[in-house]
Protein chains: 2
Amino acid sequence: MPRTGLPADQLKKKAIDATLARMRLVGFDKVRLSDVARDIGVSHAALYAHFTDKAALLDAVTAQWLQASHAAAIPVTEGNGTPDGQILEWFVTLYRMKRARAIDDPELYRAFDIASALDKPFVIAHLKSRMDQLSSLVMTAGLADGPDALQTANLLYRATAAFHHPTLIAQTAQDDLEPELRRIVELLLRGIHEHSSSRDQDSCGDPNSRTANL
Amino acid sequence: MPRTGLPADQLKKKAIDATLARMRLVGFDKVRLSDVARDIGVSHAALYAHFTDKAALLDAVTAQWLQASHAAAIPVTEGNGTPDGQILEWFVTLYRMKRARAIDDPELYRAFDIASALDKPFVIAHLKSRMDQLSSLVMTAGLADGPDALQTANLLYRATAAFHHPTLIAQTAQDDLEPELRRIVELLLRGIHEHSSSRDQDSCGDPNSRTANL
DNA sequence: TAAGTTACAAAATATGTAACTTGTAACCAC
DNA sequence: GTGGTTACAAGTTACATATTTTGTAACTTA
């Protein structure tokens with residue numbers, strides 16, 4: 001029985017919560033194990049029974065925050081009926097989520113940005129989950145099938161980098177770029193659909209002859 | 001007659017070139033006026049006869065480099081006949097140029113990145129010149145007219161941020177993203193054209209009904 | 001007299017040192 | 001025997017001080 005009276009998972013959770021609170025209070029760079037330990041009533045060395053090192057604790061904090069504030073399954077409002085509309089709302093929701101977090105929780109956003117740059121496994125898994133969701137929407141919208149769906153999803157994701165990449169979000173958070181995002185996603189979706197329909201109906205191809213030559 | 005025997009513009013040029021060489025040698029952060037001055041055989045104070053302050057010298061260096069390595073008028077190969085093809089080649093050339101510079105001249109690229117973040121007038125002028133060129137291509141391609149052309153150009157520019165933003169370029173320079181860029185620009189151009197043609201030919205609108213509802 | 005130099009003050013950076021932080025091992029408590 | 005503490009060494013950060021850099025004014029030179 002632990003001397004603190006708490007089972008391992010509860011002490012671990014307590015450490016993560018205390019670290020999160022500290023990070024918000026003093027900033028990412030100033031999180032100290034000794035402070036966190038004091039906050040939860042143990043020595044700093046006791047934290048090593050639960051986390052490999054300081055980085056592992058910070059990863060656990062960031063992963064929990066990511067899980068809680070960036071649900072991999074991005075909620076898409078059910079009222080927007082068309083499959084293309086679902087994709088558009090997915091991107092808009094992602095943009096709003098990202099922007100809000102950058103503004104409201106800058107130190108945690110910073111921790112996430114750093115973890116992203118380091119290709120941490122939990123970040124990679126999170127992104128994969130997100131791309132899986134987008135791929136599913138791509139297939140539902142009839143934009144592509146099978147492995148092509150993931151490729152199309154990646155393409156859409158990169159074309160909208162300005163609206164979800166951490167650095168760009170931080171640079172533009174004070175501006176509302178949602179109208180531009182909507183316009184770009186619409187254009188991309190139309191481009192994909194038109195590309196498909198031009199093969200099926202050549203009799204309508206004439207007004208698009210300039211793009212057909214690309 | 002100057003004591004160095006050089007007219008003002010030549011000494012200025014010599015200072016700029018010496019600063020450029022120093023920057024490449026020791027890095028942006030370690031450029032010292034005293035070193036530059038010694039390199040060209042004057043005292044550091046003599047540089048103030050030609051530049052307002054150190055920042056002005058660094059700006060002059062960056063502006064010259066920008067002029068030389070990022071010609072505002074992006075060369076577009078004349079062999080690619082269609083107006084849309086011109087736009088695509090414009091973006092591809094911009095991407096290649098940016099990527100090459102980030103890889104080959106990291107310290108100067110860094111200086112430019114910093115100048116960009118500070119909204120230096122020469123950077124703003126350079127970007128405006130670039131957007132004017134892109135607007136012109138947009139109009140030639142019949143994508144938009146007048147003030148709408150600049151809006152469309154800005155939209156295309158933001159949708160391709162992943163391929164020319166300094167931070168993103170630095171993160172992905174080792175990968176060749178040109179095929180993705182081509183695909184994205186094609187889709188955007190098709191989307192824009194299809195948007196225009198769907199208003200002119202409603203009889204062809206049926207296969208695109210899902211996007212027409214957006 | 002234009003274009004330099006020297007001298008110097010204020011600002012910025014580098015360096016040395018003290019204090020703090022992280023990680024580990026021996027030991028302890030329940 | 002699990003889950004802690006204490007002690008300590010190595011690494012990092014904070015801070016004081018030394019040094020360098022930047023900018024300016026008085027002076028000099030061609």
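Keep in mind that this is a model prediction, so the values were computed, not measured.
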For the pair made of [atom1] in [X] and [atom2] in [N], what is the distance, rounded to whole Å?
{"X": "A:Leu6", "N": "D:dT2", "atom1": "CG", "atom2": "C1'", "value": "14 Å"}
{"X": "A:Tyr48", "N": "D:dG3", "atom1": "OH", "atom2": "P", "value": "18 Å"}
{"X": "B:Leu57", "N": "D:dG23", "atom1": "CG", "atom2": "C1'", "value": "14 Å"}
{"X": "A:Lys14", "N": "D:dG3", "atom1": "NZ", "atom2": "P", "value": "16 Å"}
{"X": "B:His50", "N": "D:dG23", "atom1": "NE2", "atom2": "C1'", "value": "16 Å"}
{"X": "A:Leu47", "N": "C:dT24", "atom1": "CG", "atom2": "C1'", "value": "14 Å"}
{"X": "A:Ile40", "N": "D:dG3", "atom1": "CD1", "atom2": "P", "value": "14 Å"}
{"X": "B:Phe51", "N": "D:dT24", "atom1": "CZ", "atom2": "P", "value": "16 Å"}

Under-3.5 Å N/O pairs linking protein and nucleotides 5-7 of chain C:
residue : atom : partner : partner atom : Å
C:dT5   : OP1  : B:Ser43 : N            : 3.4
C:dT5   : OP2  : B:Ser43 : N            : 2.8
C:dT5   : OP2  : B:Ser43 : OG           : 2.7

Please report the interatomic distance [atom1]([X]) to [atom2]([Y]), rounded to the nearest 0.5 Å.
{"X": "A:Tyr48", "Y": "A:Leu33", "atom1": "OH", "atom2": "CG", "result": "4.5 Å"}
{"X": "B:Leu11", "Y": "B:His50", "atom1": "CG", "atom2": "NE2", "result": "4.5 Å"}
{"X": "B:Ile169", "Y": "B:Asp113", "atom1": "CD1", "atom2": "CG", "result": "11.0 Å"}

Task: Polar contact flag, side-chain donor to acceptor under 3.5 angstrom, A:His165-A:Gln171 - done: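 Side-chain D/A pair, A:His165 to A:Gln171: absent.
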Side-chain ion pair, [X] and [Y], N-O less than 4.0 Å:
{"X": "A:Asp176", "Y": "A:Arg99", "answer": "yes"}
{"X": "B:Glu180", "Y": "A:Arg158", "answer": "yes"}
{"X": "A:Lys13", "Y": "A:Asp17", "answer": "yes"}

TODO: Please lay out, stage by stage, how B:His126 and B:Arg130 fare under the test side-chain contact (heavy atoms from CB on, under 4.5 Å).
DONE: CA-CA 6 Å; B:His126 183 79; B:Arg130 178 171 291 166; 3.2 Å; yes
TODO: Rounding to 10 degrees, work out the angle separating the end axes of the helix from C:dT1-D:dA30 to C:dC30-D:dG1 (five pairs an end).
DONE: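 Helix axis angle between the two ends: 20°.
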TODO: Please work out which residues in residues 23-37 of chain B have a non-hydrogen atom less than 4.0 Å from an atom of DNA chain C and list them by number.
DONE: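 By residue number: B:Lys30, B:Arg32.
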TODO: Check whether NZ of the Lys or CZ of the Arg B:Lys98 lies under 6.0 Å from the centre of the six-membered ring of B:Phe163 and within 45 degrees of that ring's axis.
DONE: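 Not satisfied by the 6.0 Å and 45° rule.
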Open item on the list: Just so I know, are the side chains of B:Ile184 and B:Phe91 near enough to count as touching, which here means a heavy-atom distance under 4.5 Å?
Closed with: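 B:Ile184 does not reach B:Phe91 side chain to side chain.
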Open item on the list: If you define the side chain from C-beta out and look only at heavy atoms, does anything of B:Ile192 sit under 4.5 Å from A:Arg190?
Closed with: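 Side chain of B:Ile192 against side chain of A:Arg190, heavy atoms only: no contact under 4.5 Å found.
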